[in-house]
Every structure is written in structure tokens, then in C-alpha cells.
Amino acid sequence: MAAHKKATRKTARKSPARSTSATRRRRGASKTTAKRWSQRVTKESDALDLKRGVFKQTSAKKIASSLKQSAEHSARRKSGAYRSALSMLTFYINRAGKTLPKTDRSRLERAKVELKHQFGRD
């Protein structure tokens with residue numbers, strides 16, 4: 001009977017390992033779905049029509065002015081120009097997450113402040 005209990009414990013230890021590998025497979029699928037979700041939001045949402053490479057520019061002022069111009073001329077936005085521009089900038093920062101280098105993050109955070117100045121919301 002003691003041998004039976006040991007076998008039960010070993011079986012119990014193996015079963016979580018099996019579910020972990022199944023979970024890993026599922027996580028990979030959800031990661032792909034997450035990428036598709038953010039890509040779809042960027043392309044199809046009614047937020048803004050952005051110029052290509054706007055977030056890769058070297059100056060926070062250039063980023064802010066490009067976002068302002070896009071927000072003011074976009075027919076796809078639902079809210080005000082300032083709110084749309086700021087939400088798109090925040091969306092980009094949040095989606096980049098931990099992979100965004102500190103220098104890029106600080107430049108984009110400065111672009112938020114510059115955007116506020118350009119819209120006269122001091």
C-alpha cells in the first residue's frame with residue numbers, strides 16, 4: 001500500500017508539467033493575437049491617420065508637430081484633435097512596453113509635453 005501512495009505522488013507531480021507545456025503553446029498563440037490586435041488598432045481605428053515613421057523622428061518637437069498636423073487634418077478621429085494626438089502617442093508608448101529604450105521613452109514623454117504646449121494647454 002505504501003508503494004501505491006508513492007506512485008500516486010509521482011503521477012501528481014507529472015501532471016502539472018504536462019499542463020505547463022500546453023499552457024506555453026497557448027501563450028504563444030495569444031501573443032500572436034495580441035500583435036494582430038495592436039496592429040489592427042493602428043490601421044483600422046478611428047484614432048488618426050499618421051505619417052509613416054512619426055515616432056522614429058529624432059526631435060520631440062517634430063513628433064509633436066507631426067501628431068498635431070495629423071490630428072487636425074484627420075477625418076477618422078472621433079474626439080478632439082489634442083485628445084486624439086495624445087491618445088495615439090500614449091498608445092504607442094504603452095504597446096512598446098519594456099522593449100522601448102529609455103532614450104526613446106524619454107523623447108516620447110517630452111513629445112507629450114511639447115504637444116500640450118503646441119495645443120496651448122499649459
Side-chain angles (χ1 to χ4, degrees):
M1 191 157 145
H4 178 65
K5 286 184 181 180
K6 285 183 181 179
T8 306
R9 287 182 186 164
K10 287 181 182 179
T11 308
R13 288 181 188 158
K14 288 182 182 179
S15 61
R18 284 186 212 135
S19 65
T20 305
S21 63
T23 306
R24 285 182 191 149
R25 277 185 258 137
R26 278 188 233 126
R27 284 183 190 159
S30 65
K31 201 173 202 179
T32 307
T33 306
K35 285 182 183 177
R36 290 182 187 147
W37 175 83
S38 63
Q39 186 177 27
R40 184 178 54 81
V41 167
T42 305
K43 289 181 179 178
E44 298 174 7
S45 77
D46 291 329
L48 285 181
D49 293 318
L50 296 176
K51 292 181 182 177
R52 183 175 287 268
V54 66
F55 298 114
K56 302 292 182 194
Q57 293 181 356
T58 57
S59 169
K61 285 185 179 185
K62 288 180 183 178
I63 294 170
S65 64
S66 179
L67 282 169
K68 181 180 180 189
Q69 183 181 11
S70 295
E72 289 175 339
H73 293 97
S74 179
R76 295 174 60 199
R77 63 182 169 86
K78 290 181 180 178
S79 62
Y82 172 70
R83 186 173 174 185
S84 293
L86 188 62
S87 66
M88 188 55 79
L89 182 56
T90 304
F91 173 77
Y92 181 79
I93 293 169
N94 290 342
R95 291 306 301 166
K98 293 179 182 178
T99 62
L100 189 65
K102 288 185 178 182
T103 54
D104 292 347
R105 181 177 296 277
S106 64
R107 184 178 65 242
L108 293 172
E109 291 294 335
R110 286 193 316 269
K112 280 185 181 180
V113 174
E114 184 59 35
L115 192 64
K116 192 174 186 179
H117 290 300
Q118 288 187 11
F119 275 99
R121 304 230 176 170
D122 295 328

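Here the straight-line distance linking atom CG of L67 with atom CE of M88 works out to 8.5 Å at 0.5 Å rounding. Note that CG of L86 and CZ of R121 are 9.5 Å apart. Values are rounded to the nearest 0.5 Å. One distance of note links CZ of R83 with CZ of F119; it measures 13.5 Å at 0.5 Å rounding.
Scanning all heavy atoms of the two residues, the minimum distance from A71 to A85 falls at CB-CB, 4.0 Å.
Residues passing the salt bridge (Lys or Arg N to Asp or Glu O under 4.0 Å) test with R110, sequence neighbours excluded: none. Every residue two or more places apart in sequence or in another chain was checked for a side chain to side chain donor-acceptor pair (under 3.5 Å) with H73, and none qualifies.
Sorted by first and then second residue, the side chain to side chain donor-acceptor pair (under 3.5 Å) pairs involving residues 96-105 (not counting sequence neighbours) are D104-R107. Sorted by first and then second residue, the ring pair (Phe, Tyr, Trp, His ring centres under 6.0 Å) pairs with a member in residues 94-113 form an empty list; sequence neighbours excluded.
Side chain of K51 to backbone of S66: no donor-acceptor contact under 3.5 angstrom is found.
No side-chain heavy atom of V113 sits less than 4.5 Å from a side-chain heavy atom of E109.
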Which donor-acceptor pairs under 3.5 Å do the side chains of residues 52-64 make with protein atoms, sequence neighbours left out?
| from | atom 1 | to | atom 2 | distance (Å) |
| --- | --- | --- | --- | --- |
| K56 | NZ | Y92 | OH | 3.4 |
| Q57 | OE1 | I63 | N | 3.4 |
| S59 | OG | K61 | N | 3.2 |

